Protein chains: 2
Amino acid sequence: MSAQALKGHLDGMLLAALEDGPRHGYAVMEILRAGSDGRFDLPTGTIYPALRRLERAGHVRAQWSEEGGRRRRVYELTPSGRRTLDDERHAWQEFSSAVTALLGPHRRPVTS
Amino acid sequence: MSAQALKGHLDGMLLAALEDGPRHGYAVMEILRAGSDGRFDLPTGTIYPALRRLERAGHVRAQWSEEGGRRRRVYELTPSGRRTLDDERHAWQEFSSAVTALLGPHRRPVTS
DNA sequence: TCACTACATGTAGCTTTACTACTCATACCG
DNA sequence: CGGTATGAGTAGTAAAGCTACATGTAGTGA
């Protein structure tokens with residue numbers, strides 16, 4: 001995976017990981033890793049700042065929780081986050097179909 | 001389309017636009033615009049530097065041509081460029097299927 | 001003739017965003 | 001007691017597309 005491939009597509013995936021209920025950062029990380037067959041094995045330096053960004057943007061709400069001596073920051077979608085997720089899904093559809101069309105299948109020269 | 005969405009995916013599309021024969025920058029720009037139904041209407045400040053980058057990387061070869069008082073820089077794929085295009089196609093498959101899986105379809109709550 | 005648009009190429013500086021490389025802390029397992 | 005998994009974070013860097021410009025020719029309509 002190219003170093004820049006993720007740019008602009010991470011937020012949507014983070015929001016999607018929170019869609020089915022509140023999750024803490026580490027769990028979101030796992031969801032991305034498992035849900036991509038290990039392809040998105042993102043460093044903590046990517047995921048935590050990204051979640052902070054979403055918080056600042058008002059798309060998620062965060063809350064500290066202590067459970068079994070384990071300090072966790074649990075994130076939850078806001079209504080704005082749900083709307084944004086819808087938008088991101090739509091944008092991804094548009095974007096990916098355009099790239100797929102342009103990249104096209106490899107047309108090998110006819111070898112009749 | 002998000003400002004960063006293209007990051008890391010442009011090179012492949014540029015190479016693909018050159019696959020069927022040499023093209024000059026402006027023509028490549030048109031191919032991207034037309035082939036994406038107007039979604040990738042990229043500014044010249046994006047396309048020309050990107051082509052230079054591919055040239056420096058050895059993926060395309062460039063040549064000036066004068067035709068009807070029109071000064072054009074014509075780009076052509078190198079063997080390395082063709083290999084890279086194959087790689088980019090493969091990477092795009094991997095990437096887009098992973099994103100699609102994670103973004104997922106919107107599962108609305110059952111409304112029985 | 002004049003203005004506007006399409007064609008054609010380019011650069012300098014900005015911005016965004018993911019990554020690298022760290023720090024800190026607890027729980028668990030051998 | 002040492003290593004790994006869990007859990008959160010920051011500072012600084014690099015990549016790459018975008019904005020806003022400059023430059024020039026050709027064609028078209030008023």
Side-chain angles (χ1 to χ4, degrees), chain A residues 1-15 17 22-34 36 39-57 59-60 62-75 88 95 98-99 102, chain B residues 1-15 17 22-34 36 39-57 59-60 62-75 88 91 95 98-99:
Chain A
M1 212 68 64
S2 137
Q4 321 282 324
L6 227 62
K7 291 262 166 93
H9 306 289
L10 179 59
D11 288 10
M13 293 190 284
L14 294 177
L15 294 173
R23 302 271 187 277
H24 61 286
Y26 197 86
V28 168
M29 230 172 73
E30 298 271 271
I31 289 174
L32 292 210
R33 188 158 52 75
S36 67
R39 281 189 282 261
F40 297 153
D41 195 358
L42 307 181
T44 66
T46 289
I47 181 107
Y48 291 119
L51 286 170
R52 292 306 199 101
R53 219 162 46 223
L54 291 174
E55 193 187 2
R56 271 204 313 280
H59 300 323
V60 300
Q63 203 177 326
W64 284 105
S65 92
E66 184 93 25
E67 198 173 330
R70 218 120 223 178
R71 196 167 140 275
R72 289 168 168 171
R73 195 163 167 80
V74 177
Y75 292 91
E88 296 274 15
F95 175 78
V99 174
L102 280 163
Chain B
M1 213 68 66
S2 136
Q4 321 281 325
L6 226 62
K7 291 261 166 98
H9 308 288
L10 179 59
D11 288 9
M13 293 189 283
L14 294 177
L15 294 172
R23 302 270 187 276
H24 61 286
Y26 197 88
V28 168
M29 229 171 74
E30 299 271 271
I31 288 174
L32 292 209
R33 188 159 53 76
S36 67
R39 282 189 282 260
F40 297 152
D41 196 358
L42 307 181
T44 66
T46 289
I47 180 104
Y48 291 118
L51 287 168
R52 291 309 197 99
R53 218 162 48 223
L54 291 174
E55 193 188 3
R56 271 203 314 280
H59 299 324
V60 300
Q63 203 178 324
W64 283 106
S65 92
E66 182 94 26
E67 199 173 328
R70 219 122 224 179
R71 195 166 139 276
R72 287 170 171 171
R73 194 165 168 79
V74 177
Y75 291 91
E88 295 274 14
F95 175 78
V99 174

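Each chain gets a letter, A, B and so on, in the order the sequences are listed, and its residues count up from 1. All values reported here derive from a predicted model rather than from experimental measurement. Atoms considered below: every heavy atom in the structure, side chains included; atoms not considered: hydrogens, waters and symmetry mates.
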Calculate the interatomic distance between [X] atom [atom1] and [N] atom [atom2]; express it in whole Å.
{"X": "A:Ile47", "N": "D:dT6", "atom1": "CD1", "atom2": "P", "result": "14 Å"}
{"X": "A:Glu66", "N": "D:dT6", "atom1": "CD", "atom2": "P", "result": "18 Å"}
{"X": "A:Glu30", "N": "D:dT6", "atom1": "CD", "atom2": "C1'", "result": "9 Å"}
{"X": "A:Met13", "N": "C:dT17", "atom1": "CE", "atom2": "P", "result": "14 Å"}
{"X": "B:His9", "N": "D:dA16", "atom1": "NE2", "atom2": "P", "result": "12 Å"}
{"X": "A:Lys7", "N": "D:dA15", "atom1": "NZ", "atom2": "P", "result": "10 Å"}
{"X": "B:Gln4", "N": "C:dA18", "atom1": "CD", "atom2": "P", "result": "8 Å"}
{"X": "B:Ile31", "N": "C:dC7", "atom1": "CD1", "atom2": "P", "result": "14 Å"}

Are any protein N/O atoms closer than 3.5 Å to N/O atoms in nucleotides 9-13 of chain C? If there are, list each pair with its distance.
unit_1, atom_1, unit_2, atom_2, d
C:dT9, OP1, B:Arg73, N, 2.8
C:dT9, OP2, B:Tyr26, N, 2.7
C:dT9, OP2, B:Tyr48, OH, 2.9
C:dG10, OP1, B:Arg52, NH2, 3.0
C:dG10, O6, B:Thr44, OG1, 2.7

Under 3.5 Å, which N/O atoms of the protein pair with N/O atoms of nucleotides 28-30 of chain C?
none

Taking all non-hydrogen atoms of both residues, which atom of [X] and which atom of [Y] are closest, and how far apart?
{"X": "B:Phe95", "Y": "A:Ala5", "result": "CZ-O, 3.3 Å"}
{"X": "B:Leu10", "Y": "B:Ala50", "result": "CD2-CB, 3.9 Å"}
{"X": "A:Leu51", "Y": "A:Val60", "result": "O-CG2, 4.0 Å"}
{"X": "A:Gly25", "Y": "A:Tyr75", "result": "N-CD1, 4.3 Å"}

Checking side chain to side chain contact (heavy atoms under 4.5 Å, CB included) between A:His24 and each of A:Arg71, A:Arg72, A:Arg73, which is the one that passes?
A:Arg72

Looking at residues at least two apart in the chain, or sitting in another chain, which of them share a salt bridge (Lys or Arg N to Asp or Glu O under 4.0 Å) with B:Arg23?
none

Do the charged groups of B:Glu30 and B:Arg33 touch, with an N to O distance under 4.0 Å?
yes

From B:Asp11 atom CG to B:Leu14 atom CG, the distance as rounded to the nearest 0.5 Å
6.0 Å

Separation between CG (A:Leu102) and NE2 (B:His9), nearest 0.5 Å, reads 13.0 Å

